[in-house]
Amino acid sequence: MRKLFIILFILSNLYAQDYDANYVLVKLDRDVKKGEFRTVLDPAKYAIEKTVVRRLGIYKVRILNDQFTAQMAVEELRNNPWVEKAQLDHKVTPRQTFPDDNEFSSQWSKHNTGQNGGTPDADIDAPEAWDITTGGLNALGDTIVVAVVDGGMMLTHPDLVSNLWTNYNEIPGNNIDDDNNGYVDDINGWDAYNSDGSIPNDGHGTHVAGIIGAKGNNGNQVAGVNWNVKLMAIGGSSGTTSIVLEAYGYALDQRALYDSTNGALGAFVVATNSSFGVDNADCNSDNYSLWNDMYNAMGEYGILSAAATMNSNSNVDNTGDVPTGCSSDYMISVTNTTRNDTKNSGAAYGATTIDLGAPGTSVLSTYTGGGTTNLSGTSMASPQVAGAVGFMHSAMSAGFASFYKSNGGDAGVMLKQLILDGTDPLSSLDGITVSGGRLNIYNSAVLVQEFLASDSLDPNPVSNLQVDTSQWYQATLSWEDPTTLFGGDPITNFTIEINRDGIFHTNIPAGLESFTDYGLLSEVAYQYSFVTRLTDNDSTSAPANITVIPIGGDCMIGDVTGDQIINLLDVINTLLFALEYEEYGDEELCSADVDYDGVITIADVLRLVDIVLGRP
């Protein structure tokens with residue numbers, strides 16, 4: 001009995017210590033503000049790390065004193081008259097949700113238990129992710145659509161049919177463009193081979209579609225990355241570039257129509273999959289530039305394009321490839337990993353061109369005839385990522401979803417980065433891919449849940465953010481201030497914080513809705529981020545971002561006379577402009593505006609004197 005007691009005591013202590021030893025959680029009394037609480041905390045012991053739940057007054061407090069344990073901190077803070085409750089920040093174990101599909105046990109890419117000689121957990125952690133969501137809708141209620149650009153697909157496949165995208169605004173078979181979207185009888189998608197709505201029955205495309213979104217937990221066959229998602233069938237993965245571009249164009253048109261009609265028409269397409277390409281081609285040359293243009297055009301609407309790299313052990317950085325050698329920020333290039341977390345020996349790579357790996361070797365999925373089969377190749381790896389993009393939209397916070405709806409291009413790039421940040425590092429991909437890792441949808445789902453997560457008391461971001469760069473070396477940014485908090489209540493007492501290239505730049509009072517930045521370099525990209533900040537409690541909005549590329553003349557700063565020498569004559573000419581004795585144009589402004597404020601003044605004259613005299 002004594003031994004049993006000792007064992008139980010040890011076990012209870014082991015379980016009790018399953019918490020973050022560097023932090024504690026506190027809930028303040030109802031009328032206590034965060035700033036007031038900070039003044040009574042011992043700065044040698046504690047620091048408020050972050051607000052956890054503003055409405056309940058719950059905060060995460062860092063323990064600064066190494067000699068002070070978390071248990072001691074909890075005990076002390078519980079006796080603080082300002083604190084209602086204090087507790088340890090316990091660790092939480094992720095749960096798993098398994099589908100009842102009768103062939104799921106063979107889907108090592110989703111859940112690797114070591115079956116068929118595999119390495120346990122060499123998978124995308126699907127069951128862990130499915131405990132968060134199983135796909136379908138985003139936080140705003142939009143139905144998520146992934147466009148499968150391939151040879152076609154079997155529209156009657158029993159494990160796909162319930163997840164097919166359907167254009168309910170089109171009447172089948174009447175040879176009329178009922179919804180006026182520019183496409184006749186496009187019921188489930190588009191056939192770019194024949195430029196009509198008939199979708200070819202294709203085994204490869206059926207397999208790809210199943211990886212993305214075979215219906216999960218229906219007791220039948222397999223489960224896709226998404227149990228629930230809408231699959232837009234588009235035939236157009238081979239033949240000529242024109243066929244491929246028409247296929248992409250259909251997906252782009254449907255998303256643009258969805259946005260312009262607030263969801264009444266079109267489709268909320270968030271991703272395309274491309275398991276095809278042109279081996280060893282230079283995507284960034286004039287010969288293939290339309291591919292990049294297409295990805296960028298889709299990306300501006302928030303559509304990310306997952307693309308399979310070559311099925312050869314080649315370095316795309318050196319050989320080139322279309323599309324995985326393309327430079328578009330909105331394309332995610334994928335190589336093929338095995339059930340043992342190694343790169344498939346027949347798959348391409350590239351430290352600067354190939355973003356990540358995903359399971360693509362002997363992957364079980366749907367196939368023509370209504371059954372399933374195993375296929376291998378980067379063609380099977382890419383749809384894991386296309387499916388992941390759709391899945392992330394289902395998992396993302398309401399704040400991220402709102403930001404995405406108003407800033408599709410910027411949000412798409414952010415989502416791509418979160419997918420790369422969530423990868424499992426693999427030695428087999430280290431140094432030969434951008435991320436050095438293999439897709440993990442659970443890790444990325446956690447990241448997108450937390451990203452821009454807001455409570456109802458946080459402010460909304462600015463909207464309709466625009467820029468005017470018509471004046472040399474400057475940018476005038478304009479926007480509309482928010483009128484409400486995230487929860488819908490009216491907003492009062494706020495400023496707009498502007499950051500440039502990740503560094504705080506300036507604050508603009510509410511109501512101005514415009515800011516001109518001077519002294520910029522021409523043809524240089526600047527990244528501006530606008531954050532609404534409440535002055536009462538420092539609550540902040542999700543950022544609104546914009547890229548600015550100023551224009552300017554090709555001139556030598558200070559060389560007003562154009563003789564390639566900066567001397568007293570340049571000072572005299574600048575003085576004449578400053579005193580308005582002579583008029584100046586863009587070329588003169590380019591060289592004489594040495595302080596980059598958009599006008600020529602005495603300040604430019606004095607600065608030019610310093611330059612001539614060699615003074616810093």
Side-chain angles (χ1 to χ4, degrees), residues 147-151 204-205 208 211 236-245 247-248 251 271-299 303-338 342-361 363 375-386 388-389 413 416 419-420 423 426 428-439:
V148 183
V149 181
D150 213 284
H204 186 277
V208 165
I211 294 171
S237 62
S238 61
T240 60
T241 299
S242 60
I243 292 173
V244 174
L245 294 180
Y248 285 143
T272 68
N273 185 76
S274 304
S275 292
F276 53 84
V278 183
D279 289 359
N280 304 314
D282 183 1
C283 186
N284 301 303
S285 70
D286 290 342
N287 293 328
Y288 296 92
S289 60
L290 294 180
W291 291 72
N292 257 325
D293 290 350
M294 198 70 239
Y295 294 130
N296 288 336
M298 290 190 289
I303 300 173
L304 292 177
S305 297
T309 192
M310 296 184 291
N311 285 304
S312 63
N313 191 32
S314 304
N315 187 344
V316 176
D317 290 358
N318 298 329
T319 66
D321 179 56
V322 172
T324 61
C326 295
S327 60
S328 175
D329 291 334
Y330 307 106
M331 193 269 296
I332 309 177
S333 51
V334 190
T335 192
N336 173 3
T337 61
T338 71
T342 60
K343 184 187 77 69
N344 185 292
S345 60
Y349 57 93
T352 64
T353 51
I354 306 306
D355 291 311
L356 78 167
T361 305
V363 172
L375 293 179
S376 295
T378 57
S379 285
M380 284 62 251
S382 177
Q384 309 273 10
V385 176
V389 174
V413 172
K416 173 183 175 179
I419 290 174
L420 299 188
T423 56
L426 298 186
S428 63
L429 297 179
D430 184 34
I432 64 170
T433 59
V434 175
S435 67
R438 184 249 310 126
L439 177 69

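For the single chain, residues carry numbers from 1 onward in sequence order.
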side-chain contact (heavy atoms from CB on, under 4.5 Å) between Asp279 and Asp321: does it pass, once the steps are laid out? CA-CA 5 Å; Asp279 289 359; Asp321 179 56; 4.1 Å; yes

Given Thr433 and Leu426, is the side-chain contact (heavy atoms from CB on, under 4.5 Å) satisfied, shown in steps? CA-CA 10 Å; Thr433 59; Leu426 298 186; over 6 Å; no

Check against side-chain contact (heavy atoms from CB on, under 4.5 Å), Ser428 and Thr337: CA-CA 9 Å; Ser428 63; Thr337 61; 5.6 Å; no

side-chain contact (heavy atoms from CB on, under 4.5 Å), that's the test. Do Ser238 and Ile243 meet it? Break it down for me. CA-CA 7 Å; Ser238 61; Ile243 292 173; over 6 Å; no

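Between the Asn311 side chain and the Thr378 main chain, a donor and an acceptor come within less than 3.5 Å of each other. Formation of a donor-acceptor pair under 3.5 Å by the Asp317 side chain with backbone atoms of Ala351 is found in this model. Ser382 places no side-chain N or O within 3.5 Å of a backbone atom of Ser379 that could act as its donor or acceptor partner.
Just one residue in the list Thr324, Thr353, Thr309, Asp355 forms a side-chain hydrogen bond (donor to acceptor under 3.5 Å, both in side chains) with Ser333, and that residue is Asp355. When Leu304, Asn296, Asp293, Asn284 are each tested for a side chain to side chain contact (heavy atoms under 4.5 Å, CB included) with Ser328, only one passes: Asn296. The side-chain hydrogen bond (donor to acceptor under 3.5 Å, both in side chains) test with Lys343 is passed by exactly one of Thr361, Asn313, Asn336: Asn313.
A donor atom on one side chain and an acceptor atom on the other are found under 3.5 Å apart for Tyr248 and Ser274. Side-chain contact check for His204 and Ser275: no donor-acceptor pair (N or O, by modelled atom type) lies under 3.5 Å.
Leu356 places none of its side-chain heavy atoms less than 4.5 Å from the side chain of Leu429.
Trp291 and Phe276 have tilted rings, their planes meeting at an angle from 30° to 60° on a 0 to 90° scale.
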